[in-house]
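Just so we're on the same page: letters track the sequence lines, and every chain starts at 1. Keep in mind that the numbers below use all heavy atoms, side chains included, and drop hydrogens, waters and symmetry copies.
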Number of protein chains: 2
Amino acid sequence: MKVLVVEDDLALSDVVSFTLRRAGYEVATAHDGLAAVEAFEQSPSDLILLDLNLPRLDGLGVCRKVRSVSDVPIIILSVRAGDEAVVRGLEMGADDYMVKPFSPAQLVARIRAVMRRVGVSAAPTLLSVAGLSLDRSRGEAQRDDESAPVRLTGLEQKLLEAMMLHPGQVIPTDALINTVWGPEGGDRTMLKQLVYRLRSKIEVDASKPIYIETVPGIGYAFNPPNV
Amino acid sequence: MKVLVVEDDLALSDVVSFTLRRAGYEVATAHDGLAAVEAFEQSPSDLILLDLNLPRLDGLGVCRKVRSVSDVPIIILSVRAGDEAVVRGLEMGADDYMVKPFSPAQLVARIRAVMRRVGVSAAPTLLSVAGLSLDRSRGEAQRDDESAPVRLTGLEQKLLEAMMLHPGQVIPTDALINTVWGPEGGDRTMLKQLVYRLRSKIEVDASKPIYIETVPGIGYAFNPPNV
DNA sequence: TCTGGCTGTTACCGACTTGTTACCGACCCA
DNA sequence: TGGGTCGGTAACAAGTCGGTAACAGCCAGA
């Protein structure tokens, strides 16, 4: 789920973005009203967190413009605490209104409440690199030349995902171990075995791998054909 | 539109009721938690304004009970201003949380905002996806090739509904548990059992399910034929 | 008061996942 | 040359997962 944070105070924009990323959301930012409208048009988010005092087009203007084309949930975050401002914002189409300063925990809870009511679907989950696709929501991988996907286990999916997110790059053994098993969670033997298992599932011929390249003494790379 | 005002302070109950009637809403009142649940069961309102400090069953208890049977919007009105209380209330299923004392104008604006969102995201009473219909008001499901509907229990309906609202989409186990039982309310064993029971009711052959697909380690999807 | 339905809990089963161990060949270094 | 390390391959055992079924307690309705 993607959140657009519209805030001209850069420090606050960073804090809010950090809070949201830690809560598991994807974040885009805009620092003035027109940039916000443009960002939403180019890549609609699932939720907008909207300051009112913005350069170039104020928050209510953004709200009006966005509302004319979308019913995306909007939460206003503003220093304006007066009744009139709150009522005005809600009437302009906001779903909620929080007065600064606000607590991160409450922000996240209110986001969740709004999204619960909306029933928004999950973020995009398909990774596709040079003929190999990973559908993260289903835990399946599929080569273009195969008619049916192959099911991956939880750990296999984590490993493949970690590599596909950085195609062509060698990822050190320790980094992969950390990504898959977390801190203090795995070792080289386990990674070696997992690589073997993953190759058995996705490679045309696991003894002559083309997708997962071994870099001896260093790590592995997702090295699709033609890259 | 009918609002149920649940407030043990009679004077405040009267003030809020007056405000709402003047804003054009029909109002019912209850002054303790059990009376509220009963009133809602006997004559469901379109919105509940809910105090937390209530005799006989506190506001969170009311919220939990109501949420177990209904998606009705709930706005909590409470003197409890702390983060924990707000977060707790929102996580329990409330759509909004206002701290007393609050302004009547803001209350009405927030009611409108919540109802506006409900109006947008409300799903029809009859859900029909690829030959399977769910009549939510009757709690019945029916395949096109069956002459009579089958009656679903409350939990079965919730589960089927949650999936049919997002056909083709894998819904993680935890999300289904949360939807059906609410926060802290269920576990994997209960979901597994519920899936089994629901399949026994709607599938042609529950051992070879075609509507409810299992995605091992992840969740389930409503995966009707041809999708 | 009794009964049937609902729901949570427990039990069992087979399939699958994952950590661990074992073995092999290739490679490097003293 | 021998020992050690590394990466690939395979097997085994313990634990988890999902399906199936039964039981018990609770509650609403007759």
5'-most by nearest nucleotide on DNA chain C - A:Met190 or B:Met190: B:Met190
For a quick check, with a 4.0 angstrom heavy-atom cut-off, what is the B/S/- contact string for nucleotides 16-30 of chain D, read 5' to 3'? --BBBBB--------
Going by an N to O cut-off under 4.0 Å, is there a salt bridge joining B:Glu38 and B:Arg56? no
Side chains of residues 168-181 of chain A: which donor-acceptor partners sit under 3.5 Å, not counting sequence neighbours?
| unit_1 | atom_1 | unit_2 | atom_2 | d |
| --- | --- | --- | --- | --- |
| A:Thr173 | OG1 | A:Ile218 | O | 3.2 |
| A:Thr179 | OG1 | A:Ala175 | O | 2.9 |

Please name all residues satisfying side-chain contact (heavy atoms from CB on, under 4.5 Å) with A:Ser147, sequence neighbours left out, ordered by chain then number. none
Can a donor-acceptor pair be found, under 3.5 Å and without considering hydrogens, that links the side chain of A:Arg116 to the backbone of B:Ala94? yes
From CA spacing to verdict: side-chain contact (heavy atoms from CB on, under 4.5 Å), B:Tyr211, B:Arg143: CA-CA 11 Å; B:Tyr211 289 105; B:Arg143 293 202 317 264; 3.5 Å; yes
Do any pairs count as a salt bridge (Lys or Arg N to Asp or Glu O under 4.0 Å) and have a residue in residues 190-214 of chain B, sequence neighbours left out, and if so which ones? A:Arg138-B:Glu213, B:Glu156-B:Lys201
B:Arg88 atom CZ, over 12 foreign heavy atoms within 6.0 Å: no
Mind checking which nucleotides bracket the chain A contacts on DNA chain C, 5' to 3', with an atom under 4.0 Å from a heavy atom? C:dT17 to C:dT21
B:Leu155 near the nucleic acid: base, sugar-phosphate alone, or nothing, with a heavy-atom cut-off under 4.0 Å? sugar-phosphate
Side-chain donor-acceptor distances from residues 14-22 of chain B under 3.5 Å, at least two apart:
| unit_1 | atom_1 | unit_2 | atom_2 | d |
| --- | --- | --- | --- | --- |
| B:Ser17 | OG | B:Ser13 | O | 2.7 |
| B:Thr19 | OG1 | B:Val15 | O | 3.0 |

